[in-house]
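For this chain, numbers begin at 1 and follow the sequence in order.
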Amino acid sequence: MSTLRTINDVPVLMCEAEGEPIAGEREALDHIGNAGYQGAEWVVIPAGRFDESFFRLSTRVAGAIIQKFVQYRVGIVVLGDISHHTEASSALRDFVRECNRGTQTWFVADDDELRERLAGARA
């Protein structure tokens, strides 16, 4: 189940922490479709919802999922602490840093950081 919220005047689809693991494009398209139906500009997905393969860039799962969001012009936020993944992979750490420089895909630690990023999205 997902909930539509407005954060700093931005419509955001907040995904539940519990639910089907997000392991590929099919699950990404489900969230994108739901966001479009509800009028959300961003989909916020707890990090724990992603299959472990998402955090191993060699699997290309993250790239495929993020590409779908880009293709449909819906922002994606991975919410939560992923430090155990980034500490184990310099490639992932670099990927997260590059994503966070952009305006389409963000990795944020908590709700406060999400609110801060979204405030800047409308500036």
Side-chain angles (χ1 to χ4, degrees):
M1 188 75 185
S2 302
T3 305
L4 183 67
R5 286 181 38 198
T6 300
I7 303 172
N8 293 324
D9 296 326
V10 179
V12 176
L13 187 66
M14 302 293 293
C15 297
E16 298 288 327
E18 300 296 320
E20 180 182 356
I22 299 166
E25 294 179 31
R26 182 184 61 79
E27 295 88 0
L29 287 169
D30 289 346
H31 289 291
I32 292 165
N34 194 7
Y37 177 75
Q38 294 195 44
E41 294 177 18
W42 287 87
V43 175
V44 178
I45 304 170
R49 286 286 302 275
F50 287 96
D51 184 83
E52 287 296 310
S53 61
F54 179 86
F55 299 103
R56 290 190 316 273
L57 296 183
S58 63
T59 66
R60 300 178 186 224
V61 170
I65 290 172
I66 290 170
Q67 183 58 39
K68 286 296 174 193
F69 279 89
V70 170
Q71 198 172 10
Y72 288 94
R73 294 183 176 94
V74 176
I76 178 173
V77 175
V78 178
L79 177 69
D81 180 14
I82 62 165
S83 60
H84 61 286
H85 294 292
T86 57
E87 288 169 2
S89 170
S90 61
L92 179 62
R93 188 171 42 252
D94 293 343
F95 178 74
V96 168
R97 184 174 42 252
E98 286 302 314
C99 286
N100 283 343
R101 288 181 180 165
T103 59
Q104 173 65 42
T105 304
W106 297 333
F107 291 79
V108 301
D110 54 34
D111 287 340
D112 290 337
E113 188 177 354
L114 174 62
R115 278 191 292 279
E116 185 179 308
R117 293 296 305 251
L118 289 171
R122 291 292 179 150

Going by the rule side-chain hydrogen bond (donor to acceptor under 3.5 Å, both in side chains), which residues pair with Arg26 if we only count those two or more places apart in sequence or in a different chain? Glu20
Does the side chain of Asn8 come within less than 4.5 Å of Glu116's, by heavy atoms? no
Pairs involving residues 103-112, ordered by first then second residue, that meet side-chain hydrogen bond (donor to acceptor under 3.5 Å, both in side chains) (sequence neighbours left out): Asp112-Arg115
By side-chain hydrogen bond (donor to acceptor under 3.5 Å, both in side chains), Gln71 pairs with (sequence neighbours left out) Lys68
Could I get the full list of side-chain contact (heavy atoms from CB on, under 4.5 Å) partners for Ala88, not counting sequence neighbours? none
First locate atom CG of Leu4, then atom CE of Met14, and finally report the distance between them rounded to the nearest 0.5 Å. 10.5 Å
Quick check for you: to the nearest 0.5 Å, what is the distance between Ile45 atom CD1 and Ile76 atom CD1? 4.0 Å
Under 3.5 Å donor-acceptor pairs involving side-chain atoms of residues 29-39, not counting sequence neighbours:
residue, atom, partner, partner atom, Å
Asn34, OD1, Gln38, NE2, 2.8

Taking ring-ring contact (aromatic ring centres under 6.0 Å, His included) as the definition, give me every residue that meets it alongside Phe50, ordered by chain and number, with sequence neighbours left out. Phe54
Donor-acceptor under 3.5 Å (Arg5 side chain, Val12 main chain): no
Kindly write out the residues that satisfy side-chain hydrogen bond (donor to acceptor under 3.5 Å, both in side chains) with Glu98, not counting sequence neighbours, or none if the list is empty. Arg101
What salt bridge (charged side-chain N to carboxylate O under 4.0 Å, His left out) pairs are there with at least one residue in residues 76-87, not counting sequence neighbours? none
ring-ring contact (aromatic ring centres under 6.0 Å, His included) partners for Phe55, two or more places apart: His85
Residues pairing under salt bridge (charged side-chain N to carboxylate O under 4.0 Å, His left out) where one sits in residues 46-66, two or more places apart or in two chains, turn out to be none
